[in-house]
**Student:** 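Input: one structure, supplied below.
Letters go in sequence order (proteins before strands), and every chain restarts at 1.
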Protein chains: 2
Amino acid sequence: MPAGRKRGFDDQAALQTAMEFFWRQGYEGTSIADLTTALGINPPSLYAAFGSKRDLFEKALGRYMCQRTAQMEEAISKPGVDEAITALLLGRVEVFTDPDLPAGCMTVQSGLSLAKPHADIVEMLAQAREGMRLMVLERLARAVAEGELLPGTSCEALTRFIMTTLYGLSVEAAAGAPKDELIAAANLAIEVVRGMLFQPQGHHVYAQV
Amino acid sequence: MPAGRKRGFDDQAALQTAMEFFWRQGYEGTSIADLTTALGINPPSLYAAFGSKRDLFEKALGRYMCQRTAQMEEAISKPGVDEAITALLLGRVEVFTDPDLPAGCMTVQSGLSLAKPHADIVEMLAQAREGMRLMVLERLARAVAEGELLPGTSCEALTRFIMTTLYGLSVEAAAGAPKDELIAAANLAIEVVRGMLFQPQGHHVYAQV
DNA sequence: CCTATACTGTAGTGAACACTACGAAAATTG
DNA sequence: CAATTTTCGTAGTGTTCACTACAGTATAGG
């Protein structure tokens, strides 16, 4: 057991609070003072525990991605690709509109456009989104390999479409769009995937992209 | 002709510059110093011409919306609803990836999540997006009234889907996604609209939402 | 108990922020 | 020309920003 005075606050709870602040108010819109007053601690305690504001954001984003990618992996690993994408999109709508959390996706909400000195934050978020994209891309590639999707299907295009839908849903959810409309929009996106399913006895709804 | 010394800079050019800064770096990420140094003027000149930073942003957003809604109206007013939505989505991809302008849509990029004192900016942008949504909604309602779309089509759901696609494309474009994939994603969204076209002699691709 | 170690609160650091008071400079009007 | 009006550059205002020096306090091992 390490010597020294024990920390007077819970790091994980503090990280959760920081995550939610960055998520709700963005990187630049969240000040250290916001966090310290919300946590009831003083700046030195925060800095000792997490380092700079940039470091804290990185850890908060890490916490977010850890939770979210787990949820997404679970949804996306369902057997049928249509079932997987359905679970993914509807699951995200559910999370984006969860009243106990900031609306939308943190990777979209917290730092799309920042001042030049914070370009690394923008890049950090872009890489987080890229990681999610690769998850979906791999899942679709597997579906093509397993013959679930039409042989000539462009996984890149379909993945980009799905990510586009997810990011758009984030923007809408954060602005307070009605949940039933978001679900309906997500279902329309799901129909696109269904339309590209390989149906030996039926006809194909879409020509390949 | 008004008396007094003439302004030493072009207001419209300055407003364009401000618009691009807010667009590229966000509201909080753009400082008055950014603008004055870019314009080669001093703060009092900027404040005399445009008022506060909030006022300047409002005017810059007005300039943006004026340009964009004109483009969107033109695209959306095409005779067939599928042609209209196709022109809208592909036109937006073209604008979002225009190398001469900041990427994506200003209403999405410049202020999704800000500090609480700037909540009015977030609201301003949400209202701008709401205006665009109503444009699309009216167009789809017209298409239903004219019998172009399936009678039971939910215009709200389909509009929300289209807006979701637009916002998602903005996020992707700003992160530098390849233009051909954005076009492919937009085309998949367009197929959704095509699938809801009323086809008297054919079968209907989608059940109504 | 003593020492070392780690955390805490106080009180600041300099820098950047939005914004402006003020006098000089340039333009029109009479 | 003189008077008036508007803009301009200089040089600030107070506030907030991220961040920290330092001394005090609590915990551990010895």
Side-chain angles (χ1 to χ4, degrees), chain A residues 1-15 17-19 21-22 25-61 110-111 113-122 124, chain B residues 1-15 17-19 21-22 25-61 110-111 113-122 124:
Chain A
M1 179 177 280
R5 182 174 176 173
K6 284 178 182 168
R7 181 165 286 151
F9 63 98
D10 180 358
D11 340 27
Q12 292 307 307
L15 198 53
T17 299
M19 180 186 83
F21 261 91
F22 286 132
Q25 303 188 3
Y27 179 77
E28 287 172 331
T30 302
S31 69
I32 300 295
D34 283 337
L35 299 172
T36 53
T37 60
L39 294 169
I41 62 176
N42 299 107
S45 300
L46 193 69
Y47 280 92
F50 301 108
S52 69
K53 183 182 180 184
R54 201 206 91 105
D55 293 340
L56 174 56
F57 180 84
E58 194 165 17
K59 290 181 174 109
L61 179 59
S110 64
S113 309
L114 304 179
K116 282 176 191 151
H118 301 137
D120 53 338
I121 302 287
V122 177
M124 212 184 281
Chain B
M1 181 180 277
R5 182 173 175 173
K6 285 177 183 168
R7 183 164 286 152
F9 63 98
D10 181 359
D11 336 29
Q12 292 307 307
L15 198 53
T17 299
M19 180 186 85
F21 261 91
F22 285 131
Q25 302 189 2
Y27 179 77
E28 287 172 331
T30 302
S31 68
I32 300 295
D34 282 338
L35 299 173
T36 53
T37 59
L39 293 168
I41 63 176
N42 298 106
S45 300
L46 193 70
Y47 280 92
F50 302 108
S52 70
K53 184 183 180 184
R54 200 206 91 105
D55 294 339
L56 174 57
F57 181 82
E58 194 165 17
K59 292 183 175 102
L61 179 59
S110 63
S113 309
L114 303 180
K116 281 175 191 153
H118 301 138
D120 53 339
I121 301 288
V122 176
M124 212 183 284

**Student:** How long is the straight-line distance from OG of B/S45 back to CG of B/L35, given to the nearest 0.5 Å?
**Tutor:** 13.0 Å
**Student:** Taking all heavy atoms of B/A60 and all of B/L15, pick out the closest pair and write down the distance.
**Tutor:**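 Heavy atoms only, the tightest pair is N-CD1, 3.8 Å.
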**Student:** Tell me the closest heavy-atom pair linking B/F50 and B/D55, and the distance in Å.
**Tutor:**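 Scanning both residues, the minimum pair turns out to be O-CB, 3.2 Å.
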**Student:** Measure from OH on B/Y47 to C1' on D/dG12 and round the result to the nearest Å.
**Tutor:**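 Computing the B/Y47:OH to D/dG12:C1' distance gives 14 Å.
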**Student:** Of all the choices, C/dT20, D/dC19, C/dG9, which nucleotide is nearest to the side chain of A/P44 once you look at every atom?
**Tutor:** C/dG9
**Student:** Tell me what B/T30 touches on the nucleic acid: a base, only sugar-phosphate, or nothing, going by heavy atoms under 4.0 Å.
**Tutor:** sugar-phosphate
**Student:** Indicate yes or no: at least one non-hydrogen side-chain atom of B/F57 is less than 4.5 angstrom from one of B/I121.
**Tutor:**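 In contact.
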**Student:** Can you find a side chain N or O atom of A/R5 that sits less than 4.0 Å from OP1 or OP2 on C/dT8?
**Tutor:**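 No, because none of the side-chain N or O atoms of A/R5 sits under 4.0 Å from OP1 or OP2 of C/dT8.
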**Student:** Does A/S45 have a side-chain nitrogen or oxygen under 4.0 Å from the phosphate oxygens OP1 or OP2 of C/dC7?
**Tutor:**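 No, outside the criterion.
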**Student:** Can you tell me how far P of C/dC17 sits from CG of B/L46, to the nearest Å?
**Tutor:** 14 Å
**Student:** Nearest whole angstrom, please: distance from the C1' of D/dT6 to the CZ of B/F9.
**Tutor:** 12 Å
**Student:** Between atom CZ in B/F50 and atom C1' in C/dA18, what is the gap in whole Å?
**Tutor:** 17 Å
**Student:** Which class fits the ring pair B/F22 and B/Y27: parallel under 30°, tilted 30 to 60°, perpendicular over 60°?
**Tutor:**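 Correct class here is parallel.
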**Student:** Between D/dA26 atom P and A/K6 atom NZ, what is the distance in whole Å?
**Tutor:** 14 Å
**Student:** For A/I32 and C/dA16, give me the distance from atom CD1 to atom P, rounded to whole Å.
**Tutor:** 17 Å
**Student:** Distance check needed: D/dT5 C1' versus B/R7 CZ, whole Å only.
**Tutor:**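 After rounding, the reported distance stands at 14 Å.
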**Student:** Quick check on DNA chain D: between B/I41 and B/A3, whose nearest nucleotide comes earlier from the 5' end?
**Tutor:** B/A3
**Student:** Hey, which sits more toward the 5' end of DNA chain C by its nearest nucleotide, A/P2 or B/P43?
**Tutor:** A/P2
**Student:** Using a cut-off of strictly less than 4.0 Å, decide whether A/K53 has a side-chain nitrogen or oxygen near OP1 or OP2 of D/dA18.
**Tutor:** yes
**Student:** From CG of B/N42 over to P of C/dA21, roughly how many Å is that when rounded to an integer?
**Tutor:** 16 Å
